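Read through the structure below, which is laid out as structure tokens, and then see the notes.
Quick note on labels: first sequence line is chain A, next is B, and so on, each numbered from 1. Given the structure is predicted, the values throughout are model-derived calculations rather than measurements.
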Amino acid sequence: MDQSQITDRLKARFGERILSTYALCGQEAVTILPADLVEVLTFLRDEPELRFNMLMDVGGVDYLGYGGDGEDEDEVRSHRFEIAYQMFSYDLRHRYRVKVAVKDDSVEVPSLWEIWRGANWMEREVYDMFGIRFTGHPNLRRILNHDDFVGHPLRKDYPITKRQKLSRPIDHLLTDKQEWA
Amino acid sequence: MGLESQLDNPFLTTTIDTVVNWGRKYSMWPLPFGTACCAVEFMGVVGPKYDISRFGAELVRFSPRQADLLLVMGTVTQKMAPILKQIYDQMPQPKWVVSMGACASSGGFYDNYSVVQGIDEIIPVDIYVAGCPPTPENVIGAVYKLQQKISQEKVAAWR
Amino acid sequence: MNTPKLPAGVEPVAQSEVTETLVVNIGPSHPITHGTLRLQLELDGETILRAGAEIGYLHRGYEKQSETVFYNMVVPYAERMNYCSTIHNASAWCYAVEQLMGIEAPARAQAIRVITSEMARITDHCVCLGANMVDLGALTNFWYLNNVREKMLFLFQELSGARMMTNYPRIGGVVQDLPDGWITKLRQAMEDMQGLVGDVKSLVSNNRIFIDRTQGVCPTTKERALNFGWTGPCLRSTGLSMDLRKDQPYWGYERYDFKVPVYQNGDTMDRLLIRFDEMEESRKIILQALDKLPDGPHLVDDHLVVLPEKDKVYNQMEALINHFKLVMHGVRPPKGEIYSFTESPNGELGFYIISDGSPRAWRVRVRPPCFANYSAFPQMLQGAMVADVAAALGSINIIAGELDR
């Protein structure tokens, strides 16, 4: 299905809850609030004409200071973070992107771990890199950086050369039952 | 039949340093601490075309207890750094370290929060090999250079 | 679930008799982990009850680093992500930026990208298979496949000057045309490769030890593969057919006639054997691409993207200014965002780029195929034996550089 049709379907179904839409280079996306995330993605998965059964990627974005040159008024966002969910339908071979607007790191985003197991590590990475917390995640701890790391490196206010040393040789031992998930 | 039949006297006079260093330099057992791209290029070095066994250093050991040459191949991150230190400490003496590639030697072009800017911040290094990744010839050159270095060593100094 | 085969007369220990389990740590510096992965296994005897994986030991900050350099300067970083198939990653990055800018590489450049990226696929599969065979104790195959790899690396060296990190693709095409006589050498290499790979396949595919070590080991169902977001050869080994070269063709893949190999069982053996078939298909694509190689420029004709020829830079003022402007100010895509995807040797390699109109990307997010594949690995291990870890880990071909970025 053409991506613009998917946008129309989502608009018809969710109406005002779609904050904004986006289209460029044949790719379209919608922005929603975290509270609607599970509902929108399960709609995309269960609708017979859409059948988005694969979650390809979860990636965070930090918009701190974006469009600061004042050239484009629309570019100044009221939220700092966005999380982009790249959806793919194995059966119908089409793609779509759903973006979640996260005001700041006090807002929690529902975890998709229950629906797609692959979201487990991807959400851990977003937490590690941006500090966005996911509710319902079984094992939300750092994945790429070590346990002593303070801060979230992909935030725009984290200096790229700020190095943090790890003193212990083995930094994490799995003890808790949940962590084996 | 052998060498001794050519000699009138079956004894040779030499120094301990010479004979021990001669033995050591042609029988290095490397521990390939391969983390990244350079480790894949090291497969080429041990492979049939370049064949590091011509220089006596082909017996790759993954246990630090059995190795005397630590080949650090690839980027060492802050998370990996204590492990590298531990492995170096576990190796029995005499031991030598070759830092293969730009990342291990200086952090390479990864000047950022997670990469150690050269393994010499953590462990002593004998030979640095340039390249990203170094060509197999360059790695063999490093082994050759290390052999020259070993032949100059004093056995007593390792005690 | 694998139940261990016990010798005759030995009674299996009933589950209720298990009083104590043992937690074993493997890695991050361990021969089977091919670099920097760490596993923790909870064992009941030799059987794995639970497994946990720890990654991030090769986290080099690719995504943060890409935000600080110009678009063309990301090419070397992209190559070092998957260091077994370097040139494919670089081409995929350039393709993503081209899509963002709305330009298309010339036909000749696209055909060269197809050729080089299929060569990279052969190299990647050679390293994966060769290293995994070593883990299974079959060292001979490693030497054979290493020979194939050396042939490819030699050709890359002729093409670009470097064996592995070619830095050959550019935004808008490839940096230079194919050198003289290269095509003949590639044809010869393809012929040699067929024999060597065929030898290895015949050595392993009927080998009793290989079959015993891999058949039925750590299988994956279709449902689990889709649930975890598997792509590439690992997904195709479970009976699902998904190949972006067929589904959403890029670089003119629709012009070539090739099959997508699909295996049904999803076990370690299928994940390995499918790579032999893929190498054969890659060989076919390369030969077709060489036959159909179009003439024409190898770079797009756009002075905002491509540096002018050196000859003009030295002799014409305009070209000199153009060169200076492009080097100092970089390629500037318009504001916007793109999710670009290609079929890398391990599966779907996605680049999600957000541009704010400046010469540096605002955000680069990579969707590495290994990340999704490896996140299913702890579950795959449940019920397997300790020795199966080596076989199964090699078969999903984890490249730490891509996994941790």
Report yes if some heavy atom in the side chain of [X] is under 4.5 Å from a heavy atom in the side chain of [Y]; otherwise report no.
X         : Y         : answer
Glu348(C) : Gln86(A)  : no
Met242(C) : Phe88(A)  : yes
Arg117(A) : Arg224(C) : no

Using non-hydrogen atoms only, which part of [X] is less than 4.5 Å away from chain A: side chain, backbone, both, or neither?
X         : value
Asp247(C) : side chain
Leu58(C)  : neither
Tyr352(C) : side chain
Ile354(C) : side chain
Phe341(C) : side chain

Under 3.5 Å: donor-acceptor pair, side chain of Tyr22(A), backbone of Glu337(C):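 Flag set: sc Tyr22(A) to bb Glu337(C) pair under 3.5 Å.
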Residues of residues 152-163 of chain A within contact distance of chain C, non-hydrogen under 4.5 Å: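 The residues closer than 4.5 Å to chain C, in numerical order, are Pro153(A), Leu154(A), Arg155(A), Lys156(A), Tyr158(A), Ile160(A).
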Face-on cation placement of Arg363(C) at Tyr63(A) ring, 6.0 Å and 45° thresholds: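 Pair Arg363(C)/Tyr63(A) does not count as cation-pi.
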Against chain C, label [X] side chain, backbone, both or neither, depending on which of its atoms sit under 4.5 Å from a heavy atom there.
X         : answer
Arg97(A)  : side chain
Met122(A) : both
Asp62(A)  : backbone

Proximity of Trp116(A) and Phe228(C) rings by center, below 6.0 Å: no
Verdict with supporting geometry, Val61(A) and Trp362(C), side-chain contact (heavy atoms from CB on, under 4.5 Å): CA-CA 9 Å; Val61(A) 191; Trp362(C) 181 262; 4.2 Å; yes
Calculate, to the nearest 0.5 Å, the distance between atoms [atom1] and [atom2] belonging to [X] and [Y] respectively.
X         : Y         : atom1 : atom2 : result
Ser375(C) : Glu125(A) : OG    : CD    : 11.5 Å
Asp404(C) : Asn145(A) : CG    : CG    : 10.0 Å
Ile143(A) : Ile55(C)  : CD1   : CD1   : 4.0 Å

By salt bridge (Lys or Arg N to Asp or Glu O under 4.0 Å) - contacts of Glu343(C) (at least two apart): Arg236(C)
Residue list, side-chain contact (heavy atoms from CB on, under 4.5 Å) with Tyr127(A), at least two apart or on another chain: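 Listed in chain order: Arg133(A), Leu140(A).
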Most chain C-contacting option - heavy-atom pairs closer than 4.5 Å, from Met129(A), Lys99(A), Arg142(A): Lys99(A)
Among the listed options Gly59(A), Ala29(A), Gly60(A), the residue most often paired with chain C at heavy-atom distances under 4.5 Å: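 Most pairs with chain C among the choices: Gly60(A).
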Heavy-atom contacts under 4.5 Å, residues 61-71 of chain C to chain A: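 Contacts with chain A: Glu63(C), Lys64(C), Gln65(C), Glu67(C), Thr68(C).
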Pairing of Glu54(C) and Arg141(A) as salt bridge, 4.0 angstrom limit: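 Answer for the salt bridge query: yes.
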Derivation and outcome, side-chain contact (heavy atoms from CB on, under 4.5 Å), residues Met54(A) and Asn227(C): CA-CA 6 Å; Met54(A) 280 176 95; Asn227(C) 205 256; over 6 Å; no
CA sep, side-chain torsions, deciding dist, call: Arg93(A), Lys246(C), side-chain contact (heavy atoms from CB on, under 4.5 Å): CA-CA 11 Å; Arg93(A) 306 289 157 109; Lys246(C) 278 273 189 225; over 6 Å; no
